[in-house]
2 protein chains.
Amino acid sequence: MKKLDILKKLRSSGLRPTKQRVEIAKFLFEREKTFHFTVESLDKLLSKKTTSKFALATIYNTVHAFKAAGHLSEVEVRGNKTYFDTNVSNHHHFYDSETSELIDIDANEVVIQKIPKAPNGKKIKNVEVFINLKN
Amino acid sequence: MKKLDILKKLRSSGLRPTKQRVEIAKFLFEREKTFHFTVESLDKLLSKKTTSKFALATIYNTVHAFKAAGHLSEVEVRGNKTYFDTNVSNHHHFYDSETSELIDIDANEVVIQKIPKAPNGKKIKNVEVFINLKN
DNA sequence: ATCCAGTTTATAATTATTCTAAAGTGAAAA
DNA sequence: TTTTCACTTTAGAATAATTATAAACTGGAT
Ligand SMILES: [Mn+2]
Ligand SMILES: [Mn+2]
Ligand SMILES: [Zn+2]
Ligand SMILES: [Zn+2]
């Protein structure tokens, strides 16, 4: 994703492209592969890779704004902190609890043959599969 | 599960059956259906249903001890607090994020036809399916 | 150039959980 | 049955992740 696209992406989702948002967006979205991170890990990586400083609150604000705009998704993994994901399509995960590492599984790599129907009055929003790993 | 079984359960897992543990175990395990809870919700329910008082730290200690002994499992759901589950068998969940409600799905209600192989050097520990619900 | 709603920031507040260390207790041993 | 002590409970302090606050700043419309 090129810089111009980053600006477009921000503007088209009603996010003013501030210095901080553009830098964070470049860091998150200008890459080939899915990136899974916590606010803490993102903060550390940003400190290393860029010269600017970001208040921690800004990182929280930005990540939540990106999530609300649909540019990031949240992944539920065991543990205390929240994980985010640059892959916002419907997909699944391998999870290695020893390293806290998430690995994407494309939706079509998992085929479910049988699934119960939703409880009365409710509908199925989506199905998430976690494959927990060991060594 | 009867009171005698509760005592047996505790002793056989090396847990001294203290007043607090027995009361909490009775509350958790003397029921027909699976019970999903957080430490906070358990604390509130215990205050209502019993006359004894429990330090919050005791509830944390006890729940963790029960989990370590294999009498409880932990369920990962979106949100800040940790959910526990009296169903320690391999099973899946419906999850209603609006009510934060978990509903059990028996393992044999879900049949997976295709699944990717584990990344190099790693093995699959287990597969967990979450069916997210909406209204 | 001016202005202002939206944004960033430092810091305080909140929330969930864990730690600490003193007091209490189940049950083994005397 | 008393004594003993490792294990447990407890109140409160500490920690860690996240959110709230409110003052300073800034992108971009006018
Ligand atoms: Mn989590
Ligand atoms: Mn959680
Ligand atoms: Zn992912
Ligand atoms: Zn369950």
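First the proteins, then the strands, lettered A, B, ... as listed; each starts at 1.
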- Item | Glu23(A) with Lys19(A): basic N within carboxylate O range, under 4.0 Å | no
- Examine distances only and state if a side-chain atom of Arg21(B) and a backbone atom of Leu10(B) form a donor-acceptor pair shorter than 3.5 Å. no
- Query: Centroid-to-centroid, Phe66(B) to Phe29(B), below 6.0 Å?
  - Reply: yes
- Message: Keeping His71(B) on the side-chain end and Lys67(B) on the backbone end, is there a donor-acceptor pair under 3.5 Å?
- Response: no
- side chain to side chain contact (heavy atoms under 4.5 Å, CB included) filter on Thr58(B), not counting sequence neighbours, yields Gln20(B), Ala55(B), Thr62(B)
- Item | Spacing between Asn61(A) atom CG and dA10(C) atom C1', to the nearest angstrom | 13 Å
- Value in whole Å for how far the C1' atom of dT9(C) lies from CD of Gln20(A): 9 Å
Quiz: residues 109-117 of chain A side-chain donor-acceptor pairs under 3.5 angstrom, not counting sequence neighbours:
| residue | atom | partner | partner atom | Å |
| --- | --- | --- | --- | --- |
| Lys114(A) | NZ | Asn108(B) | O | 3.2 |

- Query: Which atom names give the shortest non-hydrogen contact between Phe37(A) and Asp85(A), and what distance separates them?
  - Reply: CE2-N, 4.4 Å
Between the protein and nucleotides 24-30 of chain C, which nitrogen or oxygen pairs come in under 3.5 angstrom?
| residue | atom | partner | partner atom | Å |
| --- | --- | --- | --- | --- |
| dA27(C) | OP1 | Arg11(B) | NH1 | 2.8 |

- Message: Treating Ser97(A) as the side-chain partner and Ser100(A) as the backbone partner, does any N or O pair qualify as donor plus acceptor under 3.5 Å?
- Response: no
N/O contacts under 3.5 Å, protein versus nucleotides 15-19 of chain C?
| residue | atom | partner | partner atom | Å |
| --- | --- | --- | --- | --- |
| dA16(C) | OP1 | Lys81(B) | NZ | 2.9 |
| dT17(C) | OP1 | Thr82(B) | N | 2.9 |
| dT17(C) | OP1 | Thr82(B) | OG1 | 2.9 |
| dT17(C) | OP2 | Tyr60(B) | OH | 2.8 |
| dT17(C) | O5' | Tyr60(B) | OH | 3.3 |

- Nucleotide interval of DNA chain D bounded by contacts with chain A (heavy-atom cut-off, under 4.0 Å): dA17(D) to dG28(D)
- Task: Using modelled atom types only, decide if a donor and an acceptor are shared between the side chain of Thr38(B) and the backbone of Tyr83(B) within a distance under 3.5 Å.
- Result: no
Let me check something: any side-chain donor-acceptor pairs from residues 125-135 of chain B under 3.5 Å, sequence neighbours excluded? List them with distances.
| residue | atom | partner | partner atom | Å |
| --- | --- | --- | --- | --- |
| Glu128(B) | OE1 | Arg78(A) | NH2 | 3.1 |

